[in-house]
Amino acid sequence: MALFAPRSIYEPLIQHSIDLCRLYRRAATAAREPGLRSVLNENAQTLMLLVADLQAQQRRTGEPSRQRGTWRGTLRAQWAAGMPNNASRTDNDWIHALGQYEVRLLHLFERATIATAPADVALVLRRQLPRLHGIHLDMHGLGGTARHCRKIPC
């Protein structure tokens, strides 16, 4: 069954998911803590699965699927790639930045699901929300740990 949705529903979701995935991958290579690297790589993999699902849905509408992120995300990735691994950016900084971008993506999904998507497309998008909520819980947990570690030496 083809799910028909305006292209404008899928494109920003795909683009921002690609952007966040790139940032997760960069953070995973820069993270000092091996456990954190593992979590960040898992979250990047989850986002890639989400992107693949959204791209498949977009192709079902007869439109070509979006393959790239936003221009801002591209600039952000280039900036992050230019930072040496021993730069002053700490694991906590990465957690904080990723948490902010992840919340924006989650809100983008929720707005698209509630406000603009036809019922059949909203159902598909709602199936993706548990993946995003899982990432959100990871980042929220890590962010809480990061804030705690700033107050008490870990």
Solution key, residues 48-56 side-chain donor-acceptor pairs under 3.5 Å, sequence neighbours excluded:
| from | atom 1 | to | atom 2 | distance (Å) |
| --- | --- | --- | --- | --- |
| Asp53 | OD2 | Gln128 | NE2 | 3.4 |
| Asp53 | OD2 | Arg131 | NH1 | 2.7 |
| Asp53 | OD2 | Arg131 | NH2 | 3.3 |
| Gln55 | NE2 | Arg66 | O | 2.7 |

Worked check of side-chain contact (heavy atoms from CB on, under 4.5 Å) between Gln45 and Tyr24:
CA-CA 9 Å; Gln45 185 63 31; Tyr24 266 103; over 6 Å; no

Step by step, would you call Tyr101 with Leu23 a side-chain contact (heavy atoms from CB on, under 4.5 Å)?
CA-CA 9 Å; Tyr101 293 122; Leu23 206 54; 3.2 Å; yes

Apply side-chain contact (heavy atoms from CB on, under 4.5 Å) to the pair Ile95 and Leu40, showing each step before the final yes or no.
CA-CA 9 Å; Ile95 291 168; Leu40 297 177; 5.7 Å; no

Could you go through the side-chain contact (heavy atoms from CB on, under 4.5 Å) check for Ile135 and Leu106 one step at a time?
CA-CA 10 Å; Ile135 292 171; Leu106 185 59; over 6 Å; no

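In this structure, CD in Gln57 is found 9.5 Å from CD1 in Ile14, a value given to the nearest 0.5 Å. In this structure, Ser17 OG and Arg22 CZ are separated by 11.5 Å, a value rounded to the nearest 0.5 Å. Taken to the nearest 0.5 Å, the CG atom of Leu105 stands 14.0 Å off from the CD atom of Gln100. To the nearest 0.5 Å, atoms CG (Leu98) and CZ (Arg26) are separated by 11.5 Å. With rounding to the nearest 0.5 Å, the separation of CD in Glu110 from NE2 in His107 is 6.5 Å.
A donor-acceptor pair is defined here as one N or O able to donate and one able to accept, closer than 3.5 Å; such a pair exists between the side chain of Asp91 and the backbone of Glu33. Counting only distance, with no hydrogens or angles, the side chain of Arg37 and the backbone of Arg32 share a donor-acceptor pair below 3.5 Å.
For the pair Leu36 and Ala31, the tightest heavy-atom approach, listed with the atom from each and the gap, is CD2-CB, 3.9 Å. Here the closest heavy-atom approach between residue Ala44 and residue Cys21 is recorded as O-SG, 3.4 Å.
For Asp93 and Thr90, the side-chain atoms include at least one donor-acceptor pair closer than 3.5 Å.
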